[in-house]
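What you see is a predicted model, and the numbers here were worked out from it, not measured in a lab.
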Amino acid sequence: MIDIAQDTAGSAIGGRVKGIPSGVHTTDEARKRLKKRYSMEARFKAYGIGAIALAATFLVLLLFTIVGSGLPAFTYNYVNVPLNLSADKVDPANPAGASYNKIIRDGLKAELPFASDRKNRRVLYSLVSSGANVILQKQVVADTSMLGGTGPVAIPLSDFADLYVKGLITQKNEITSSSSATVSGTEGQVTITAEKPEFGALIAALKSYYENEITLLSDKIEARGRSEVSVNTKITGLETRLKSEKDPLVVQRLTAEVESNREALEKIKSTLETRKAELAALQGHLANIENGGTLNNKMPSFFVNVNGGTIKAEKVTPTSVTGTAFIPLSSDASVAAGQWGVEELETPESFRKFSDKEIAYTDYLVSKGTIENEWNSIFFKSGASREPEMAGIWGAAVGSFWTMLVTLSLSFPIGVAAAIYLEEFAPKNRWTHLIEVNINNLAAVPSIVFGLLGLAVFLNVFGLPRSAPVVGGMVLALMTLPTIIIASRAALQAVPPSIREAALGVGASRLQAVFHHVLPLAMPGILTGTIIGMAQALGETAPLLMIGMVAFIVDIPASPVDPSTVLPVQIFMWADFPEPAFQQKTSAAIMVLLGFLISMNAIAIVLRKRFERRW
């Protein structure tokens, strides 16, 4: 007898399957199939949730990386230096003709008078931007009230100095002292002697360096040893062949080959002896590490800050440090515990482009309170530049504006007109069907193909100006047209036929019915599709690279026919530059571009919500 008991709890009763209500599926096999189907649905939901979670994770990771890297670029560090802008230095009748570079350098020399020799002054001058004189000239020309004074003027730091102040060059560790120390002098080579072993961190770094070098050198010696054995074996084989060889030409070749290998063997042996001597020296240093050693630029750098000065550690023992005073000490008096300390720069000097002396000078300016972090107006107001601190997005933003203007002017009327014709007036035959199929296919064509088309037609055939927004706009208009046509046709199709029939019924012509009644109702959908298409065009890079918009353009374009670049291409160029500061600018420019794209999509959503009608 078939069990048709109503078990809504789904417990296993007799031959029933747990979780499957009985009474509907009357056999065990049917219940098993139902259970299998439920399991598949549950797995499908789990896969979907997992896919969404994975995509969200990657999106958050991407945004976190971009925002974390790009935020520092929105601010910049300036040094406030008293500059002499009196009539002796700047002619009030011709303020643009003054030597602002010399004025800035004189101001820096007054701030750091101990940087007196030529080498130190060169280091000092490298702390400010190479374009600082141009910025100061523009400020003075724009505001002549600055003339005649000697007040502090904000000068942008160099890109590396800015990155260092932001903590993006190296990490610093502070080591406080627990005993008093004596000082041997105030300038040049200075020795700091502590009462207790205060320099354990320096000794530990030295030990770690020796151990790593010994490991690397041992591996090289081992590799050279294998080479020596291999060459010896080869020479033995050649000599064996040489003894039995009768052909004089072959004998001559083998003899030359043996000599060549013997020369190589001598070089290998010489290198081996040299490296074994280096290894023995390193092992000796490591064995006597407690007696101290010499630091080098492949190790973390250590500064000793004492009596207002900064000494770079060069030789160290557990209780003393000898080094060069980058910042002279105010006195050579003994100093109490806690009143001096050691600063460790984790990144070795040989691994960074900002030297220890530049760091010491920058820290000195920071300690005087002359460096301030301000909004980076240069980034938003300047065009392209090879100097990272002078580079901005304004030129690319204006180029994007002109390009989008040309794209919209061409693609919107043509796309909407084509959609109206195909949807409302075109006869339904094989030709219109062929056109519709091709429009749908064009929407999926890679954007680089449109770039090749623009290169071949607009530049090579019509000879239009290269790197100009007008050509970029025409190429992007071709790329955007299928999207606008498809979206517009969908919007027109969404208008109920009763609207058309009612208009025709009261005597309107076909044209009046479309333009007076159907098109206004479809316009929200058309605008939404157009904005989405424009947002896609704004983010395109590949077709613009083909028509030369990757060119380095410094000037801000004043019209669509001026040479220009656009934001995506500017990002592409900055990402390829080796200077570290461009990495932050690349991420910051991506944030600006994402802001534009999000804004355009938000406008599309608002328009759709505001004008949407439900039939």
Side-chain angles (χ1 to χ4, degrees), residues 169-171 173 175 197 199-303 312-324 342 344-356 578 580:
I169 293 287
T170 179
Q171 295 297 317
N173 299 317
I175 304 170
F199 305 109
L202 283 72
I203 297 293
L206 195 59
K207 184 179 179 181
S208 175
Y209 169 74
Y210 285 148
E211 290 174 344
N212 289 335
E213 287 296 306
I214 286 172
T215 302
L216 292 174
L217 205 52
S218 299
D219 292 342
K220 289 179 181 178
I221 289 173
E222 187 179 348
R224 282 287 175 180
R226 289 196 297 270
S227 298
E228 182 184 14
V229 172
S230 174
V231 174
N232 262 326
T233 305
K234 189 174 182 181
I235 291 173
T236 304
L238 289 171
E239 288 175 341
T240 304
R241 286 181 57 192
L242 195 57
K243 289 177 183 176
S244 60
E245 185 60 51
K246 303 298 182 185
D247 188 340
L249 291 176
V250 176
V251 169
Q252 185 180 1
R253 181 178 61 80
L254 290 175
T255 303
E257 198 170 346
V258 168
E259 289 302 321
S260 172
N261 279 281
R262 282 177 178 164
E263 290 176 4
L265 183 62
E266 290 302 319
K267 289 181 181 177
I268 291 173
K269 287 180 177 178
S270 174
T271 304
L272 263 175
E273 292 301 320
T274 303
R275 291 191 171 169
K276 285 179 179 177
E278 292 174 356
L279 180 62
L282 285 173
Q283 289 172 336
H285 290 317
L286 182 60
N288 298 298
I289 192 70
E290 293 303 322
N291 296 327
T294 302
L295 307 174
N296 60 48
N297 62 0
K298 295 180 182 178
M299 302 169 50
S301 298
F302 292 91
F303 289 165
K312 181 190 175 183
E314 295 168 352
K315 294 181 180 179
V316 60
T317 69
T319 57
S320 70
V321 158
T322 300
T324 304
V342 179
E344 178 188 6
L345 308 178
E346 288 187 355
T347 306
E349 187 178 19
S350 60
F351 296 162
R352 47 182 154 84
K353 294 184 177 179
F354 201 57
S355 69
D356 286 342

(Q) Distance alone, cut at 3.5 Å: any donor-acceptor contact between the side chains of Thr317 and Ser320? (A) yes
Q.
Is there a side-chain contact between Phe302 and Leu295 in this structure, where contact means two heavy atoms from C-beta onward sitting under 4.5 Å apart?
A. yes
Acceptor/donor pairs from residues 279-288 side chains to any protein atom, 3.5 angstrom cut, sequence neighbours excluded:
{"residue": "Asn288", "atom": "ND2", "partner": "Gly284", "partner atom": "O", "Å": "2.9"}

Q. So, the side chain of Thr236 versus the backbone of Asn232: is there a donor-acceptor pair under 3.5 Å, distance only?
A. yes
Q.
If I compare all heavy atoms of Ala201 with all of Ile175, which pair ends up nearest, and what's the gap?
A. CB-CD1, 3.5 Å
(Q) Please find the pair of heavy atoms, one from Thr347 and one from Ile169, that lie closest to each other, and give the distance. (A) OG1-O, 3.7 Å
Q) Which distance, rounded to the nearest 0.5 Å, do you find between the CG of Asn212 and the NZ of Lys207? A) 12.0 Å
Q: Give a yes or no on whether the backbone of Glu266 and the side-chain of Ser270 come within a donor-acceptor separation of less than 3.5 Å.
A: no
Q: Look at the side chain of Ser301 and the backbone N and O of Asn297, then say whether any donor-acceptor pair between them is shorter than 3.5 Å.
A: no
(Q) Main chain of Asp356, side chain of Glu349: is a donor-acceptor contact present, judged purely on distance under 3.5 Å? (A) yes
Q: Answer yes or no: is there a donor N or O on one side and an acceptor on the other, between the side chain of Thr215 and the main chain of Glu211, under 3.5 Å?
A: yes
Q) Could you state the interatomic distance from CD1 (Ile214) to CD (Glu278), rounded to the nearest 0.5 Å? A) 12.0 Å
Q) Which heavy-atom pair separates Val231 from Ile268 by the least distance, and what is that distance? A) CG2-CD1, 3.9 Å
Q. Can you check whether Asp247's main-chain N or O pairs, donor with acceptor, with Glu245's side chain at less than 3.5 Å?
A. yes
